[in-house]
There are 4 protein chains.
Amino acid sequence: MDSRFTNPAAPPWLPFESRRRARDEKREAVLRTAVQLFLEQGYHRVTLNEVAERLNITKPALYNYFRGKDEILFECWSMGAELVDSVIAEIDAGGGSGIVKLRKLVHAYAEVMAIDFGASIVRFDVRDLTNRNARIARAAKKRIDATFRAYITAGIADGSIKRCDAKLAAFAIAGSLNWIGHWYQRDGALSPGEIADEFTVRLTEGLAAKPAQGHTTTKTAPVARTATREARRKATGKKRGGASR
Amino acid sequence: MDSRFTNPAAPPWLPFESRRRARDEKREAVLRTAVQLFLEQGYHRVTLNEVAERLNITKPALYNYFRGKDEILFECWSMGAELVDSVIAEIDAGGGSGIVKLRKLVHAYAEVMAIDFGASIVRFDVRDLTNRNARIARAAKKRIDATFRAYITAGIADGSIKRCDAKLAAFAIAGSLNWIGHWYQRDGALSPGEIADEFTVRLTEGLAAKPAQGHTTTKTAPVARTATREARRKATGKKRGGASR
Amino acid sequence: MDSRFTNPAAPPWLPFESRRRARDEKREAVLRTAVQLFLEQGYHRVTLNEVAERLNITKPALYNYFRGKDEILFECWSMGAELVDSVIAEIDAGGGSGIVKLRKLVHAYAEVMAIDFGASIVRFDVRDLTNRNARIARAAKKRIDATFRAYITAGIADGSIKRCDAKLAAFAIAGSLNWIGHWYQRDGALSPGEIADEFTVRLTEGLAAKPAQGHTTTKTAPVARTATREARRKATGKKRGGASR
Amino acid sequence: MDSRFTNPAAPPWLPFESRRRARDEKREAVLRTAVQLFLEQGYHRVTLNEVAERLNITKPALYNYFRGKDEILFECWSMGAELVDSVIAEIDAGGGSGIVKLRKLVHAYAEVMAIDFGASIVRFDVRDLTNRNARIARAAKKRIDATFRAYITAGIADGSIKRCDAKLAAFAIAGSLNWIGHWYQRDGALSPGEIADEFTVRLTEGLAAKPAQGHTTTKTAPVARTATREARRKATGKKRGGASR
DNA sequence: GATGAATGAGTGTTCATTCAT
DNA sequence: GATGAATGAACACTCATTCAT
């Protein structure tokens, strides 16, 4: 049971705690609404008024949580980047040959593309960001690309992947996956899982030295949608989250 | 001296002809400049002033050739779509099994992605177009997708391609190719031809029932960059080219 | 333990008294911070957030002491006006010929201009005030001007000042003095006293019927910086101090 | 008679000439309206809409002539500075002892203060300008101050002015004069000429080694209100006039 | 055909002020 | 008495588009 009710000596900072939680919840609500609108209509066609209206607040209220429109964009983007980062971290933590890791990545990445925040990684235009944030975004994208390439290179080294141009192979795979973010629709015929399964086969069958024996092993845990936002909370208290103009 | 004055028998329609040609040349110059800027900076960040400045004319002068900014966008997009259309027409005119046609398409499409107008097909946002033009654009995109799918289906039927989900396979291939339009840079390490060659192998090796014996056969004639714009000329004289707001 | 609880006979108004004193102290702290910022950056460029931040409180807290930004401005201005008023009162209380009184006023006024609150009289824009407060401010300014003029007129009458246009002479002198408020800097080469001494000579030497024999007599007591704010306290408890919008 | 009508071979650039003249006239009309409003209500209380409305144009039309509100402010200020500059140039071109030059300057400066553009020098807040323009403005102010001081110093050297602290004397005089810009009203009892005459006597009688014998010599030509704006025209064609953000 | 000038509509952002807690 | 959150009102600035010349 909530200690606020069981413990009469509940520390006085609890209200602050709950207030902060409320704040964080609202902040994320803004991001969820914003990312949806941005994907739906495109960043430049969405006005802050629309975002606010959909949240039943007024435009300036948004400025309690973000420094400006472009920061909202960046934070949406960041949410997506975190999804990918946690996926990669998990795969790196596990073991397996190059091809196995690559398959895991393809599968998880495909699923991420079916999430709003995930799609935002590839659908938002980094040129809409602050220079500083654009640099961060570009760096993150490069890291992801590098991971694809690294797995392929590792696979070639350990014999699980056929000799090929790792760079172009990575581009080909990442391109296919990124494109999901452009055509996937929640109400479409295919579920994210089905898409991920099929792409995992399709995109790696040409690369594998030997056909995969079983697919179950390629699956990772479902994408962590609740990636901890602790670090962010402080950073964005009132300053640009790791970002400045 | 100008033959119009020295040769009284000169056909009177020549000046008009040459004047029309001059007009068309300027029109295309606008499109070439525009597509470049749009790709470089993004449609919404480019002002008509910038386009005009780069052409050493003034903003209102653009309105002699186009009804508005979005029409310029559409015409750029159209130029790209024509490239693909002519590619497909050529492939369809030729013969070959499903896998052969698919390889031809992959190769040619990859090359198109390395051309400004080609990239515009996948980098421009159809929501920036007039409703009518957006419909045209979406239809064209669907036709392209359908072509990929048709070749795969044909390949499965004729035994040149392994049994698979044609729809997702087409998405996977098209996605890889479309992504080229996002990362290709003219001054990069890879030439369009090299990229096309590699992608042709990479994107079809998993699909082919048997490995390809030779690659030279997959090549089509170089993409026709000078697709006739005759039809367009009339249409856009002063009315929206097959389009209205 | 708090004496309110241990000593039942403690006069009940003491806490109120001390509380009120604390309130007044905070109020004045706000004014001191505000006047400084207003002079430093200009009224319109200073936000209440800045004022609050510098005081380590929050913006709405300011509204416990003042009705709004313009009231803060007015109170700052009032502090300065009181300085001048007390100066004039003192001079009037003393005796002396017109020129003597004028010299006293010039000297004291020059010193006031070197105080933040004093400078605010001439550097703040009365149009930033409420209509009502603006009227008060304008009236006060007129009274000051009238005093200069009165001393000059008196001096002409008593023969201590040469015949001249009293109005323009007053403007000339007041202008010189007011300008001090614009250029004086605390860390400059000249001390307020030195400036006052020099200006006393400079601004009156052309007027005096005969040169002054000694300067020490022109000095008044140092400007009373602790002019009682008692009357104000009640007035501004929560109502606008003699002012309403 | 206008050569456009008398000379049939009038060069084709005349239309441009007249168009440019029209442009310049409008530009100055904007400045005249703006300076009036700025003085009347204060820079921050004047919206560009008000300026535009009074000119019977719309707000964005102003941006054909100026880069922004602050540039309008700066250009107003500049007009005033030019008045003073031309005054000083004229005095420097003439001869005379220190006291004579000083008297000329006082007289002319007093008159400038009665002109809108002149008053703007001392009534506008340089902190409302771009950093770059603020620097320019501050430098100009310093130059003016230095001129006062230089004349006084010269006067002391040539024996026409009594020994005194030139710096403070300059401040005293300039202050008196600057203050005119704050209190002068076109419809007041005193004409600029009368004020100038009186201030010339008042502000210098204390300084002169011997009383002035005649006043007519202190007068300069009436302030050149038509200071050539040639240089400016080019500079502000579309770029900030000698200014950038 | 081309231009300078003007416009209308829109948008992000700021800030004094209020209010529930 | 103090705070975090929210709001309303305002404002400068941009830009595609039009029009008279």
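Labels below follow one simple rule: chain letters A, B, ... track the order of the sequence lines, proteins then strands, and each chain is numbered from 1. Treat the numbers as computed from the prediction; the structure is a model and nothing was measured.
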TODO: With DNA chain F as reference, determine whether D/P60 or A/A61 sits nearer its 5' end, using the nearest nucleotide of each.
DONE: A/A61
Counting just side-chain N and O atoms, does [X] come under 4.0 Å of either OP1 or OP2 of [N]?
X: A/R23; N: F/dG4; value: no
X: C/Y63; N: F/dA2; value: no
X: A/N64; N: F/dA6; value: yes

Task: Nucleotide paired to F/dC19 in any strand shown, Watson-Crick or G-U, under 3.5 Å - done: E/dG4
Task: Partner nucleotide of E/dT11 by Watson-Crick or wobble geometry (both distances under 3.5 Å) - done: F/dA12
Whole angstrom is fine here: how far is it from [atom1] in [X] over to [atom2] in [N]?
X: C/L129; N: E/dA16; atom1: CG; atom2: P; result: 15 Å
X: D/K69; N: E/dT13; atom1: NZ; atom2: C1'; result: 15 Å
X: A/D70; N: E/dT11; atom1: CG; atom2: P; result: 17 Å
X: A/E25; N: F/dA5; atom1: CD; atom2: P; result: 13 Å
X: B/Y65; N: F/dT17; atom1: OH; atom2: P; result: 17 Å
X: A/I72; N: E/dT11; atom1: CD1; atom2: C1'; result: 13 Å

Working to the nearest 0.5 Å, report the span between [atom1] of [X] and [atom2] of [Y].
X: C/L55; Y: C/K26; atom1: CG; atom2: NZ; result: 11.0 Å
X: B/N49; Y: B/R54; atom1: CG; atom2: CZ; result: 13.5 Å
X: A/Y63; Y: A/L48; atom1: OH; atom2: CG; result: 5.0 Å

Taking the side chain from [X] and the backbone from [Y], do they hold a donor-acceptor pair closer than 3.5 Å?
X: B/E50; Y: B/T47; value: yes
X: D/K69; Y: D/V46; value: yes
X: C/R45; Y: C/E40; value: no

Task: Pairwise side-chain contact, D/F38 with D/I72, heavy-atom cut-off 4.5 Å (strictly under) - done: yes
Task: B/K26 vs D/L62, nearer the 5' end of DNA chain E by closest nucleotide - done: B/K26
TODO: May I ask you to list the residues of residues 41-59 of chain D, by number, that have any heavy atom positioned under 4.0 Å from an atom of DNA chain E?
DONE: D/I57, D/T58
